[in-house]
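Report on the structure given below.
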Amino acid sequence: MLIPFSMKNFLQLLCYSKVPAAGLADTVKGGLILKSVSNDVYQNLAVEDWIHDHMNLDGNPVLFFWRNSPSVVIGRHQNPWQECNLNLMREKGIKLARRRSGGGTVYHDMGNINLTFFTTKGKYDRMQNLKLIVRALNAVQPQLDVQATRRLDLLLDGQFKISGTASKIGRTTAYHHCTLLCNTDRTFLSSVLKSPYQGIKSNATASIPSAVKNLLEKDPALTCEVLMDAVAAEYAAYHQIENHITLIDPADETLFPGINNKARELRTWEWTYGRTPKFSISTSFNVSDGQSHLEIKVHIDIKNGRIQVCNIEAPDNWLPLEVCDKLNSSLMDSKFCPIETTMLMNILLRTCPEDHELYSKWNILCEKIKGIM
């Protein structure tokens with residue numbers, strides 16, 4: 001049963017708070033089942049941070065359901081250039097987010113359910129949560145063959161991944177979140193989770209590609225709503241709490257003081273790209289020169305999302321050496337980002353003599369460089 005977040009629910013939430021609420025002497029015991037009314041990936045990730053940082057989970061576990069508009073979510077220690085097709089994502093308006101937990105990269109849309117299990121550190125048990133989901137699925141469709149693996153994934157029919165796992169363990173609290181593929185766009189999923197960038201060298205955590213399948217493909221009755229209700233019922237039964245799914249608005253500061261600051265931080269370039277572990281790109285591409293093709297070599301070192309070493313080598317009969325040197329020096333310490341690179345290259349071009357052929361080659365080079373970003 002769905003319940004909007006009323007003042008009564010708010011007071012109950014305050015009872016969970018690690019900071020005691022004025023006038024509330026008793027602590028509510030039991031647990032909560034929450035569902036976000038937002039489809040914004042940054043707001044929903046901020047809810048996870050807020051609950052982890054502010055709620056007293058001792059004897060009060062929380063299950064949080066959330067779904068997002070098309071987004072790609074990378075793990076805390078991952079490299080987005082290595083994990084996804086950023087150019088395609090920009091073209092299609094697909095958001096990129098970096099979560100605070102580890103693990104691999106996932107594609108989110110409204111056909112993909114996200115479930116976050118919050119507990120104390122001592123009660124943290126990912127396999128228990130996955131088995132709970134399996135029981136819920138079998139309660140809806142007993143013929144489903146779904147198993148939890150040692151890698152803490154859920155496999156359908158022994159071969160298709162329908163859920164991946166990640167987690168964050170704090171000093172006293174922890175959360176385990178996982179996905180559940182119901183009716184996601186598998187064409188988009190495979191397209192955006194395939195990096196086109198060549199020559200990347202990185203120690204960042206790499207995702208492990210897997211064959212996936214939607215539960216709705218197995219049984220048209222397995223809609224997102226049906227699955228969330230089933231998991232909520234199983235969770236309530238397991239924790240012996242009321243089977244109430246409470247609707248929350250992640251942007252409501254009266255319910256979650258300070259949460260919009262958390263969401264704003266998750267949206268920043270510095271968090272999303274700047275937290276990428278140090279990496280390098282060594283690649284090359286061909287450009288036309290009359291009837292022939294010439295090779296341009298590129299080596300770039302990136303740290304904290306910014307260019308630390310830049311070495312773009314073009315044949316000097318195609319682009320003067322001094323122009324290449326200016327380009328290499330101008331990109332130093334800039335963001336490894338097509339927008340900033342375009343701006344810097346346009347500024348640099350204004351310092352060059354007016355020459356139609358030079359301008360044409362410069363634009364070609366600019367597009368090639370942006371293509372690896």
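Count residues from 1 along the sequence.
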Is the closest side-chain donor-acceptor distance between [X] and [Y] under 3.5 Å?
| X | Y | result |
| --- | --- | --- |
| Asp301 | Gln308 | no |
| Ser36 | Asn44 | yes |
| Ser38 | Gln43 | yes |
| His177 | Ser167 | no |
| Asn68 | Asp40 | no |

- Task: With sequence neighbours left out, write down each residue that passes salt bridge (charged side-chain N to carboxylate O under 4.0 Å, His left out) with Arg186, or none if nothing qualifies.
- Result: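 With neighbours one apart ignored, the set is Glu217.
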- Are Trp318 and His293 an aromatic pair by the rule of ring centers under 6.0 Å?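 Between Trp318 and His293, the centre distance exceeds or equals 6.0 Å.
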May I ask you to say whether [X] pairs ionically with [Y], meaning some side-chain N is under 4.0 Å from a carboxylate O?
| X | Y | answer |
| --- | --- | --- |
| Asp109 | Arg67 | no |
| Lys361 | Glu367 | no |
| Lys161 | Asp153 | yes |

So which of [options] actually passes side-chain hydrogen bond (donor to acceptor under 3.5 Å, both in side chains) with [X]?
| X | options | answer |
| --- | --- | --- |
| Asp49 | His54, Lys262, Arg100, Arg99 | Arg100 |
| Tyr124 | Gln128, Lys121, Arg126 | Arg126 |
| Thr276 | Lys303, Gln82, Arg98, Gln78 | Arg98 |

- Please identify each residue that fulfils side-chain hydrogen bond (donor to acceptor under 3.5 Å, both in side chains) with Ser71, with sequence neighbours left out.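 None.
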- So do the side chains of Leu152 and Met127 get within less than 4.5 Å of each other, counting heavy atoms only?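 They are in contact (side-chain heavy atoms under 4.5 Å apart), so the answer is yes.
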